[in-house]
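Please see the structure below; I have some questions.
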Amino acid sequence: MRFFIEGEKGQALCHPCGGLVATTFIRRDVPFSDGKGSAQNILVGVCNQCEQVVVIPAQSTPAIRDARQKDVKPIEASLPAIYLDVLDLAAYTVDNRASTEFRRYLLSYFVHKTAQQEAQLEQVVERYEMAIRLFPEKRGVARRRLSMKVPQAVSDDLRLLCESSHLNTSNVIKSVVFDIQSQIIESPKQPLLKELRSFAAVLG
Ligand SMILES: [Zn+2]
């Protein structure tokens, strides 16, 4: 890893110019890859000939991610209130000082973990069906809105789970909450709890 400073000169490949070019590191607004919005005042290497951004140093990546994060649309779901109670009880089981903020981390962790494993993908529908059996949705059941900003990667994971299961966001979240319920509340997995506890400690 190298550290770069403003005004520093270098060399890099520039696609528009078709080869190795001289570069200068300057602060610049960098558009996100999907073209929606930009990260402001980021140190980047630009091509001296065409002024395109050709190098994004590692040190600038967290700032870009931060800006991206602020831009991310929250996950929205409407759930029977019992699911939020389960999430809060799971958060409390992990760390009795956890705030409702920890819901977001728990859900993100489980969504990500599920999306990473192909075998788990198949269980999304199965767990959704078990969730519905455990928490039957009678008419007039109290519902609550869940709205939380999650990292782009988690939002992508959730989309993958929706696509592979053909369930909507709310139903995928029910499935994930059921998984959280069985692994943290019903039959707690100690290594998992330990991992989540150190996670909670770091997050404060
Ligand atoms: Zn160029």
Side-chain angles (χ1 to χ4, degrees), residues 61-62 65-66 68-70 72-204:
T61 314
R65 201 164 286 156
D66 265 14
R68 187 81 181 103
Q69 188 75 11
K70 288 193 191 91
V72 152
K73 270 204 318 187
I75 288 177
E76 303 270 1
S78 167
L79 301 166
I82 184 77
Y83 287 92
L84 295 170
D85 292 343
V86 168
L87 265 183
D88 289 345
L89 179 59
Y92 182 87
T93 307
V94 169
D95 181 350
N96 58 18
R97 297 157 306 169
S99 66
T100 51
E101 179 68 3
F102 196 66
R103 281 175 188 168
R104 188 157 70 91
Y105 297 108
L106 263 185
L107 264 183
S108 297
Y109 178 92
F110 275 81
V111 163
H112 184 63
K113 199 166 65 91
T114 308
Q116 294 313 298
Q117 296 168 17
E118 217 164 309
Q120 299 259 315
L121 285 178
E122 292 165 19
Q123 288 173 35
V124 173
V125 175
E126 204 178 304
R127 289 191 194 121
Y128 162 70
E129 284 163 358
M130 290 194 275
I132 294 297
R133 249 175 280 140
L134 188 62
F135 309 120
E137 293 184 27
K138 301 199 183 76
R139 274 171 71 91
V141 67
R143 299 183 83 85
R144 274 154 79 191
R145 277 209 79 70
L146 182 73
S147 173
M148 25 178 234
K149 286 195 168 184
V150 298
Q152 185 63 44
V154 174
S155 151
D156 292 343
D157 288 337
L158 187 65
R159 194 163 357 102
L160 172 75
L161 296 184
C162 289
E163 280 164 11
S164 67
S165 65
H166 304 289
L167 295 172
N168 64 25
T169 305
S170 294
N171 289 341
V172 166
I173 289 178
K174 287 175 195 169
S175 165
V176 173
V177 171
F178 180 85
D179 191 23
I180 292 173
Q181 194 275 143
S182 48
Q183 294 202 53
I184 294 181
I185 299 171
E186 200 181 288
S187 42
K189 307 268 181 297
Q190 290 312 319
L192 173 68
L193 278 182
K194 210 176 148 198
E195 188 182 351
L196 289 170
R197 268 179 196 134
S198 57
F199 198 29
V202 175
L203 294 167

Kindly check if the number of other-residue, nucleotide or ligand heavy atoms within 6.0 Å of CD (Gln117) is above 12? yes

Using side-chain heavy atoms (C-beta onward) and a distance below 4.5 Å, is Ser165 in contact with Val172?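 Sidechains of Val172 and Ser165: in contact.
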
Are Leu107 and Val177 packed together at the side-chain level, in the sense that at least one heavy-atom pair is separated by less than 4.5 angstrom?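 They are in contact (side-chain heavy atoms under 4.5 Å apart), so the answer is yes.
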
How long is the gap from CG on Leu106 to CG on Asp179, to the nearest 0.5 Å? 11.0 Å

Just say parallel, tilted or perpendicular for the rings of Phe199 and Tyr109, cut-offs at 30° and 60°. tilted

Tell me whether Arg197 at atom CZ has more than 12 heavy atoms from other residues, nucleotides or ligands lying less than 6.0 Å away. yes

Heavy-atom distance under 4.5 Å between the side chains of Phe102 and Asp95, does that happen here?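 With C-beta onward as the side chain, the pair stays apart.
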
Does the side chain of Gln190 come within less than 4.5 Å of Lys194's, by heavy atoms? no

Qualifying residue for side-chain contact (heavy atoms from CB on, under 4.5 Å) with Phe110, from Val154, Leu196, Leu87: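 With Phe110 as partner, Val154, Leu196, Leu87 yield a single side-chain contact (heavy atoms from CB on, under 4.5 Å), made by Leu196.
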
Please give me the minimum heavy-atom distance between Ser170 and Ser78, naming the atom from each residue.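 Taking Ser170 first and Ser78 second, the nearest heavy atoms are OG-N, 3.2 Å.
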
Provide the closest heavy-atom pair for Ala115 versus Leu161 in the form atom of the first, atom of the second, distance. CA-CD2, 3.9 Å

Min side-chain heavy-atom separation Asp85-Arg144 under 4.5 Å: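 Asp85 reaches Arg144 side chain to side chain.
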
Between OG1 of Thr61 and CG of Asp66, what distance do you get to the nearest 0.5 Å?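 Rounded to the nearest 0.5 Å, the OG1-CG separation comes to 11.0 Å.
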
Spatial distance of atom OG1 (Thr114) from atom CG (Leu158) [nearest 0.5 Å]: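 Taking OG1 in Thr114 and CG in Leu158, the distance rounds to 10.0 Å.
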
Side-chain contact test, heavy atoms from C-beta onward, threshold under 4.5 Å: evaluate it for Tyr83 versus Ile173 and give yes or no. no

Scanning both residues in full, the closest heavy-atom pair of Phe178 with Met130 reads CZ-CB, 3.5 Å

State, yes or no, whether a side-chain contact exists between Lys174 and Leu79 at a heavy-atom distance under 4.5 Å.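 Heavy-atom side-chain distance check passes, below 4.5 Å.
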
With a 4.0 Å cut-off on N to O distance, would you call Arg143 and Glu137 a salt bridge?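 Salt bridge present between Arg143 and Glu137.
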
Heavy-atom side-chain proximity of Leu192 to Ile184 below 4.5 angstrom: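 Of all side-chain heavy-atom pairs linking Ile184 with Leu192, at least one is under 4.5 Å.
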
